[in-house]
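Order of the sequence lines fixes the chain letters, A, B, ..., with proteins taken first and strands second; residue numbering starts at 1 for each chain.
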Number of protein chains: 2
Amino acid sequence: MAMRMNGPLAALDQWQPEGCSIAKALDVVGTKSAMLLLREAFYGTTRFDGFVRRVGITEAVAAKRLKELVEAGLLEKRPYQEPGARTRYEYVLTEKGRALLPVVVALMQWGDAYLQPGGGPLRIVSAETGEPVRVLVAPPGTASLEPEGLAVRINR
Amino acid sequence: MAMRMNGPLAALDQWQPEGCSIAKALDVVGTKSAMLLLREAFYGTTRFDGFVRRVGITEAVAAKRLKELVEAGLLEKRPYQEPGARTRYEYVLTEKGRALLPVVVALMQWGDAYLQPGGGPLRIVSAETGEPVRVLVAPPGTASLEPEGLAVRINR
DNA sequence: AGGCTGGGTTTGCTCGACGCAAGTCAGGAG
DNA sequence: CTCCTGACTTGCGTCGAGCAAACCCAGCCT
């Protein structure tokens, strides 16, 4: 049923998980708003208003969470210039943020499979072949797709 | 940088994500305690006290969260009998709960890579080959490993 | 009968997450 | 100079997450 625990780990009642990476990861992206902001970043949203409207959170929460994500190094805040407008800032994923792609896609995939009666509203496919992709646990040497190699389609 | 949005999705400022599977998934496993309880279930913990002590939460939180996870169908509460003791209950992962393995492992992997200065404390390997595994986004047809096919080792 | 033990539930509190509403500020447009 | 817009900030109230500690309860042991 569960994973095999080797060596000292086998004694579940003695060993205690310390410095667990999952716990540390959840300290950074453990809130619903943080995850949904990341979802939007993967979808290509970069501007403050876009995040607010599309995630459906208030400006206050968006400002706070975005600041935290920038401080944690998942997003980068950088100036951009639209012609005839003043300098504004946009939020773009860093390498560290992009590395969360499997987490986000795995969540969507699980929701699609177990929480959506007739399948989810969106489908993530390979940008090249158009075939749907899966998140999975694989032995080393298997190649992974990057965000750029993926496309999002409407289901049905 | 981001994923390619096809068709109507391309107009990020018009389209709004409704019924998003990620949001629904987070309604079920969006709290830190829920994720850590799942981690423990994958490690093989089944009893109430084990969850409490190893996750480091209070009994109150554990009771509440476990009940929610049972109601959501991720865990199954079933009686078991130790010789010379009365009937007790244990919590075991259902198929639906086991399907969250990629999410949990992906979080650990990300934490290992970006939040742990010298690498994480644990390593997940293939039970057969002993080689470390990765969570990744792959085209269809790639085989995935189940919890039983994995083993946990102490790093270094 | 009374106590012990594993497996919880209840109560009372704090703190963070989040929503609503209003205010602020910079700078280009008019 | 005033207005507007994008990007926040501030204040306030609510709700859920979490802790601590006490309580409950079934049943085996003596």
Side-chain angles (χ1 to χ4, degrees), chain A residues 12-13 20 22-41 45-72 75-92, chain B residues 12-14 16 20 22-41 45-72 75-92:
Chain A
L12 277 184
D13 37 347
C20 166
I22 300 176
K24 294 196 176 191
L26 291 173
D27 286 337
V28 179
V29 293
T31 81
K32 211 181 151 183
S33 52
M35 276 290 182
L36 295 179
L37 286 171
L38 285 173
R39 173 198 76 189
E40 278 315 309
T45 303
T46 58
R47 288 168 42 170
F48 185 83
D49 272 18
F51 284 112
V52 168
R53 199 173 37 75
R54 293 169 47 72
V55 173
I57 56 181
T58 63
E59 295 164 356
V61 173
K64 185 177 182 187
R65 212 59 359 118
L66 284 171
K67 190 185 288 183
E68 287 171 9
L69 290 175
V70 168
E71 279 165 8
L75 295 178
E76 189 187 353
K77 184 179 185 175
R78 59 180 177 209
Y80 72 103
Q81 189 89 24
E82 263 183 15
R86 79 170 194 273
T87 300
R88 301 210 175 280
Y89 292 90
E90 61 179 356
Y91 299 88
V92 293
Chain B
L12 278 184
D13 37 347
Q14 288 173 351
Q16 214 185 346
C20 166
I22 301 175
K24 294 194 176 192
L26 291 173
D27 285 337
V28 179
V29 293
T31 81
K32 213 182 150 183
S33 52
M35 277 289 181
L36 295 180
L37 286 171
L38 286 172
R39 173 198 74 188
E40 280 312 310
T45 302
T46 58
R47 289 169 39 171
F48 186 82
D49 273 19
F51 283 113
V52 168
R53 201 173 36 76
R54 294 168 48 72
V55 173
I57 56 181
T58 64
E59 296 163 356
V61 173
K64 187 176 180 185
R65 210 63 355 118
L66 284 171
K67 189 186 288 183
E68 288 171 9
L69 291 175
V70 168
E71 279 165 9
L75 294 178
E76 190 188 351
K77 182 179 185 174
R78 60 179 177 210
Y80 72 102
Q81 188 90 26
E82 263 182 16
R86 79 170 195 272
T87 301
R88 304 213 173 279
Y89 292 91
E90 62 180 354
Y91 300 88
V92 293

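- Between A/Leu26 and B/Met35, the closest heavy-atom pair is CD1-CB, 3.5 Å.
- Whole-Å rounding puts the A/Leu26 CG to C/dA17 C1' distance at 16 Å.
- Residue whose closest nucleotide on DNA chain C sits further toward the 5' end, between A/Arg88 and A/Ser33: A/Ser33.
- C/dG6 atom P lies 17 Å from atom CD of B/Glu90, rounded to whole Å.
- Nucleotide D/dC15 holds its P atom 16 Å from the NZ atom of A/Lys32, rounded to whole Å.
- Closest of all the heavy-atom pairs between A/Thr45 and A/Gly50 is CG2-C, 3.7 Å.
- Residues B/Val55 and B/Arg39 approach most closely at CA-NH2, 4.0 Å, considering heavy atoms.
- If you take CZ of A/Arg47 and P of D/dC8, they are 11 Å apart, rounded to a whole angstrom.
- Between the CG atom of B/Leu75 and the P atom of C/dG8 there is a distance of 12 Å, rounded to whole Å.
- Rounded to an integer number of Å, the gap from B/Tyr89 OH to C/dT9 C1' is 16 Å.
- Looking at A/Arg78, its side chain never comes within 3.5 Å of a backbone N or O of A/Val92 through a donor-acceptor pair.
- Contact record, B/Val52 with B/Ala62: CG2-CB, 3.6 Å, taken as the closest heavy-atom pair.
- Listed here is the closest heavy atom pair of A/Arg54 and B/Leu12: NH1-O, 3.0 Å.
- Computed from coordinates, the A/Met35 CE to C/dA17 C1' distance equals 16 Å when rounded to whole Å.
- Protein atom CG of A/Asp27 is 13 Å distant from nucleotide atom C1' of C/dG16, rounded to whole Å.
- Less than 4.0 Å separates DNA chain D from at least one heavy atom of each of the following residues of residues 48-65 of chain A: A/Phe48, A/Asp49, A/Glu59, A/Ala60, A/Ala63.
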